[in-house]
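Everything below concerns the one structure shown next.
Only heavy atoms go into these numbers, but all of them, side chains included; no hydrogens, no water, no symmetry mates.
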Amino acid sequence: DKIKGSKLLLVGDGPDMDRLRKLVGDLNLTGTVLFLGRLPRENIVQGGILGIADVFVTASKIENQSIAILEALASGLPIIGVNMRGNPELIDDKNGILVEADNEQKLAEAIIKFFSDDKLASNLKKGAIGSSKKYDLSESVVMLENIYKSL
């Protein structure tokens, strides 16, 4: 209700999919929440799914150093994610917003904040692209070589 004209794209599949589809129907959000299902990685990255989004949101507590987060950053998408595992190494106040895990209210507030503050959104988009560069393969090789040299 607070972000007029917004759409939520859910990519992936899992045991809660039927429950989520029913919930979307019960809340009369059909057409606002779109279920894309499980997609091959190339469809997500090269196929343009990331390119149509404004922000990448993940509530996952189990992914550590998520490739999906790195791909989203490289596509210029700020990240809203939970403050667990490897996420704080990838997400900072320059490229996204971290919230406590299992707190749907805080996650919703972060999303609303992102869409309500044009300056914040613009700064996080710029930061997303910049922060992804340190995970580029050539940069990673240099960092790895430096670690080996130091050993």
Side-chain angles (χ1 to χ4, degrees), residues 1-140:
D1 290 339
K2 299 202 189 297
I3 308 169
K4 301 296 180 201
S6 63
K7 302 273 188 215
L8 174 63
L9 301 177
L10 292 175
V11 177
D13 199 1
D16 283 334
M17 196 55 61
D18 290 337
R19 183 185 65 79
L20 290 173
R21 287 183 193 277
K22 182 179 180 327
L23 179 62
V24 166
D26 292 347
L27 295 173
N28 198 27
L29 293 172
T30 304
T32 301
V33 178
L34 307 171
F35 293 90
L36 301 183
R38 183 173 297 222
L39 297 174
R41 182 158 303 287
E42 59 271 8
N43 287 11
I44 296 170
V45 180
Q46 292 93 4
I49 297 296
L50 292 175
I52 63 173
D54 294 309
V55 65
F56 183 92
V57 179
T58 179
S60 176
K61 299 183 299 183
I62 60 170
E63 291 189 70
N64 192 10
Q65 296 291 325
S66 167
I67 296 298
I69 288 176
L70 291 173
E71 290 169 340
L73 288 171
S75 296
L77 292 180
I79 311 296
I80 298 175
V82 296
N83 192 5
M84 282 191 73
R85 302 189 184 251
N87 284 351
E89 293 180 35
L90 300 175
I91 307 167
D92 59 32
D93 61 353
K94 293 177 181 61
N95 66 12
I97 302 169
L98 285 169
V99 298
E100 68 183 80
D102 297 320
N103 191 329
E104 295 87 3
Q105 183 63 38
K106 293 290 185 188
L107 186 66
E109 289 171 4
I111 295 168
I112 292 166
K113 179 180 179 180
F114 174 83
F115 282 103
S116 300
D117 186 337
D118 291 338
K119 184 176 181 184
L120 172 68
S122 176
N123 287 340
L124 293 179
K125 286 178 183 180
K126 289 175 191 166
I129 293 171
S131 67
S132 72
K133 291 179 181 173
K134 68 181 173 184
Y135 299 103
D136 182 80
L137 181 59
S138 61
E139 291 294 321
S140 297

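To the nearest 0.5 Å, the span separating CD1 on Ile97 from CD on Glu109 amounts to 11.0 Å. From Ser60, atom OG reaches atom CD1 of Ile69 across 8.0 Å, with rounding to the nearest 0.5 Å. Separating the CG atom in Leu29 from the CG atom in Leu23 is a distance of 7.5 Å, to the nearest 0.5 Å. Ser75 OG to Ile49 CD1: the interatomic distance, rounded to the nearest 0.5 Å, is 11.5 Å. How far CD1 of Ile80 is from CZ of Phe115: 7.0 Å, rounded to the nearest 0.5 Å. Note that CG of Leu124 and CG of Leu77 are 11.5 Å apart. Values are rounded to the nearest 0.5 Å.
Under a 3.5 Å cut-off, the side chain of Ser122 and the backbone N or O of Asp118 do not form any donor-acceptor pair. In this structure a side-chain-to-backbone donor-acceptor pair under 3.5 Å is missing from Lys125 to Pro78. When atom types are taken as modelled, the side chain of Asn95 and the backbone of Leu90 share a donor-acceptor pair closer than 3.5 angstrom.
Between Leu8 and Thr32 there is no side-chain heavy-atom pair separated by less than 4.5 Å. Contact annotation: the side chain of Thr58 never approaches that of Val82 to less than 4.5 Å [non-hydrogen atoms, C-beta and beyond].
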**Report entry** Intermediate values then yes/no, side chain to side chain contact (heavy atoms under 4.5 Å, CB included), Leu9 and Ile52
**Finding:** CA-CA 10 Å; Leu9 301 177; Ile52 63 173; 3.6 Å; yes
Requested in this report: Report the C-alpha distance between Met17 and Leu10 in whole Å, list the side-chain angles of each, state the deciding distance to 0.1 Å, and finish with yes or no for side chain to side chain contact (heavy atoms under 4.5 Å, CB included).
Outcome: CA-CA 10 Å; Met17 196 55 61; Leu10 292 175; 5.7 Å; no
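Minimum heavy-atom separation, Phe114 to Leu120: CA-CD2, 4.2 Å. The nearest pair of heavy atoms linking Lys106 to Val99 is O-CG1, 3.7 Å. Across all their heavy atoms, Gly76 and Ala128 have their closest contact at C-CB, 3.9 Å. For Leu34 against Lys7, the heavy-atom pair with the smallest separation is CD1-CD, 4.5 Å. Annotation for Arg21 and Phe35: closest pair NH1-CB, 3.4 Å, computed over non-hydrogen atoms. In terms of heavy atoms, Lys61 sits closest to Arg85 at O-NE, 2.8 Å.
The side-chain hydrogen bond (donor to acceptor under 3.5 Å, both in side chains) test applied to Asp13 returns no partner, not counting sequence neighbours.
The only member of Leu70, Ile79, Leu73 that meets side-chain contact (heavy atoms from CB on, under 4.5 Å) when paired with Ser131 is Leu73.
Comment: Lys22 engages Asp26 in a salt bridge, judged by a side-chain N to carboxylate O separation of less than 4.0 angstrom.
Counting non-hydrogen atoms of other residues, nucleotides and ligands closer than 6.0 Å to CG of Asp16 gives a total above 12.
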